[in-house]
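This report concerns only the one structure given below.
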Amino acid sequence: ECGCKYSQHMSIAVRLCSRLCGFEGQNLGTDNVSVIEGEMATISCRVKNNDDSVIQLLNPNRQTIYFRDVRPLKDSRFQLVNFSDNELRVSLSNVSLSDEGRYVCQLYTDPPQEAYADITVLVPPGIPIMDSREDVVSEGNETELTCTAMVSKPAASIRWMKGEQELTGEMTVDETYDRMFTVTSRLRLTVSKEDDGEPVSCIIDHPAVKDLRAQRYLEVLYQPEVKIVQAFPEGLTREGENLELTCIAKGKPQPHQISWLRVDDDVPSHTVITGSDLFIENLNKSYNGTYRCVASNTVGDAYDDYILFVHDSRAGEGAPQKIDHAVIGGVVAVVMFAILCALIVLGRYFARHKGTYFTHEAKGADDAADADTAIINAEGGHNNTEEKKEYYI
């Protein structure tokens with residue numbers, strides 16, 4: 001079809017013509033393989049447009065593992081998975097480090113075609129070993145933790161987490177035998193009391209394993225935290241009343257000693273101190289001052305102060321009551337509204353009920369000759385007077 005003629009005496013021309021005609025279209029391919037030590041690897045030799053050419057698989061030492069579907073090599077770990085004109089697929093079980101290398105897929109053409117599959121054997125690290133310089137550390141001091149990932153391939157990487165916070169350690173990598181690696185990371189941190197009970201984890205990152213970690217909890221010693229609480233009375237401290245104070249102290253380790261004192265003076269002679277409680281009866285103003293509770297543990301001492309001020313016996317009594325201006329304003333508004341309504345009602349009432357009265361004027365008084373006559377005429381003329389009406393509203 002390509003116009004080539006083959007002859008035993010023209011081997012070079014045959015090879016050239018073969019490349020140009022048929023064999024250029026036969027593509028041989030394979031893939032690299034990564035496998036964990038002890039597991040199974042699969043090598044696939046694939047041919048596109050095969051014209052019945054023979055496929056074989058060679059090991060890194062160029063020894064034939066499979067020739068078509070026949071296994072000349074005596075290693076029974078190699079097993080035929082699939083054989084056809086287009087593929088030779090072989091599995092290798094229980095892979096070890098000695099199996100690592102370059103495998104050759106070979107197609108018997110003229111010249112032969114080759115494709116290469118590199119098998120990489122992964123060796124996962126063991127459970128990480130985590131250690132600390134000291135089991136217990138006091139607040140404010142520095143501690144050091146180490147995490148080691150033993151014999152892995154390739155070298156692992158190590159991350160640190162304290163709670164949800166990622167930390168950075170110093171990592172060293174040592175190559176051991178047969179390209180194996182041991183990795184160690186050191187983490188230094190200064191602790192506080194808030195770190196007590198906090199989990200610290202070292203996390204191993206490696207292509208052969210997931211979620212491999214070690215964890216331990218920090219144990220931090222810290223000095224006491226002290227707080228004075230006034231148990232009685234609830235309000236002002238007045239003359240003649242009693243006073244009861246309670247000292248609350250927490251620390252790690254728990255405070256082994258709690259003591260009371262009065263700053264710059266002695267405590268009253270009849271003061272009763274029972275452990276963390278202080279009791280004074282019948283207060284007077286001479287007891288005014290600062291009272292201190294001191295708590296101690298192996299880490300250190302801490303204290304809290306209470307300032308006592310004794311008020312008069314009637315202090316806080318008879319204080320003017322709080323005036324609710326809103327209520328007063330509401331009452332005034334209601335009263336004003338009631339008065340206005342009363343005025344309107346009275347006005348309407350008088351407008352509807354009109355009153356009348358009569359006046360009598362003497363007739364003829366104007367015509368009298370003298371005053372006496374006018375009076376006599378006026379007094380006797382009542383019966384003849386006409387009524388005059390005056391109206392008022």
Run the numbers on Asp135 and Arg216 for salt bridge (charged side-chain N to carboxylate O under 4.0 Å, His left out), then give the verdict.
CA-CA 10 Å; Asp135 294 332; Arg216 68 182 305 157; 3.6 Å; yes
Show your working on side chain to side chain donor-acceptor pair (under 3.5 Å) between Thr168 and Trp160 and close with a plain yes or no.
CA-CA 6 Å; Thr168 302; Trp160 290 93; over 6 Å; no
Run the numbers on Asp118 and Arg102 for salt bridge (charged side-chain N to carboxylate O under 4.0 Å, His left out), then give the verdict.
CA-CA 4 Å; Asp118 292 326; Arg102 173 164 289 185; 2.9 Å; yes
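Counting only distance, with no hydrogens or angles, the side chain of Thr109 and the backbone of Pro111 share a donor-acceptor pair below 3.5 Å. Looking at Gln230, its side chain does come within 3.5 Å of a backbone N or O of Gly235 through a donor-acceptor pair.
In this structure, a donor-acceptor pair under 3.5 Å is absent between the side chains of Tyr217 and Glu198. Looking at Glu175 and Tyr177, their side chains never bring a donor and an acceptor atom within 3.5 Å of each other. There is no side-chain donor-acceptor pair under 3.5 Å between Asp305 and Thr290. Side-chain contact annotation: Ser132 with Glu144, donor-acceptor N/O pair under 3.5 Å absent. Using modelled atom types, one finds a donor on one side chain and an acceptor on the other under 3.5 Å when comparing Ser44 with Glu87. Side-chain contact, Asp51 with Ser53: a donor N or O sits under 3.5 Å from an acceptor N or O. Checked by atom type, the side-chain pair Asp277/Thr246 shows a donor-acceptor distance below 3.5 Å. Checking Tyr108 against Gln56 by side-chain atom types alone, a donor-acceptor pair falls below 3.5 Å.
We find the CD-CD distance between Glu239 and Glu241 to be 10.0 Å, quoted to the nearest 0.5 Å. In this structure, the separation between NZ on Lys153 and CZ on Arg179 is 5.0 Å, given to the nearest 0.5 Å. Note that CG of Asn50 and CG of Asn27 are 11.0 Å apart. Values are rounded to the nearest 0.5 Å. Note: Ile273 CD1 to Leu245 CG = 10.0 Å, rounded to the nearest 0.5 Å. In this structure, the separation between CD1 on Ile43 and SG on Cys105 is 7.0 Å, given to the nearest 0.5 Å.
Salt-bridge formation is detected for the pair Lys252/Asp196: a Lys NZ or Arg NE/NH1/NH2 atom is positioned less than 4.0 Å from an Asp or Glu carboxylate oxygen. Taking 4.0 Å as the cut-off between side-chain N and carboxylate O, Arg77 and Asp75 count as a salt-bridged pair. Looking at Arg62 and Glu114, a side-chain N of the basic residue comes within less than 4.0 Å of a carboxylate O on the acidic one, giving a salt bridge.
The two residues Ala208 and Ile36 have their closest heavy-atom pair at O-CD1, 3.4 Å. Asp195 approaches Thr190 most closely through the heavy-atom pair OD2-O, 4.0 Å. The two residues Gln254 and Asn297 come nearest to each other via the heavy atoms O-CB, 4.2 Å. Contact detail for Arg238 and Ala315: the closest heavy-atom pair is NE-O, 2.7 Å. In this structure, Ser152 and His206 approach most closely via the heavy-atom pair CB-NE2, 3.9 Å. Residues Gln106 and Pro112 share a closest heavy-atom pair of CG-CB, 4.4 Å.
Cluster membership for Leu57 and Val95, using ILVMFWY side-chain heavy atoms within less than 4.5 angstrom, is shared. Residues Leu212 and Leu187 share a single hydrophobic cluster, defined by chaining ILVMFWY side chains whose heavy atoms lie under 4.5 Å apart. Follow the hydrophobic side-chain contacts under 4.5 Å out from Trp260 and you reach Leu283 in the same cluster.
Below 30°, between 30° and 60°, or above 60°: for Tyr287 and His270 the angle between ring planes is between 30° and 60°, a tilted geometry.
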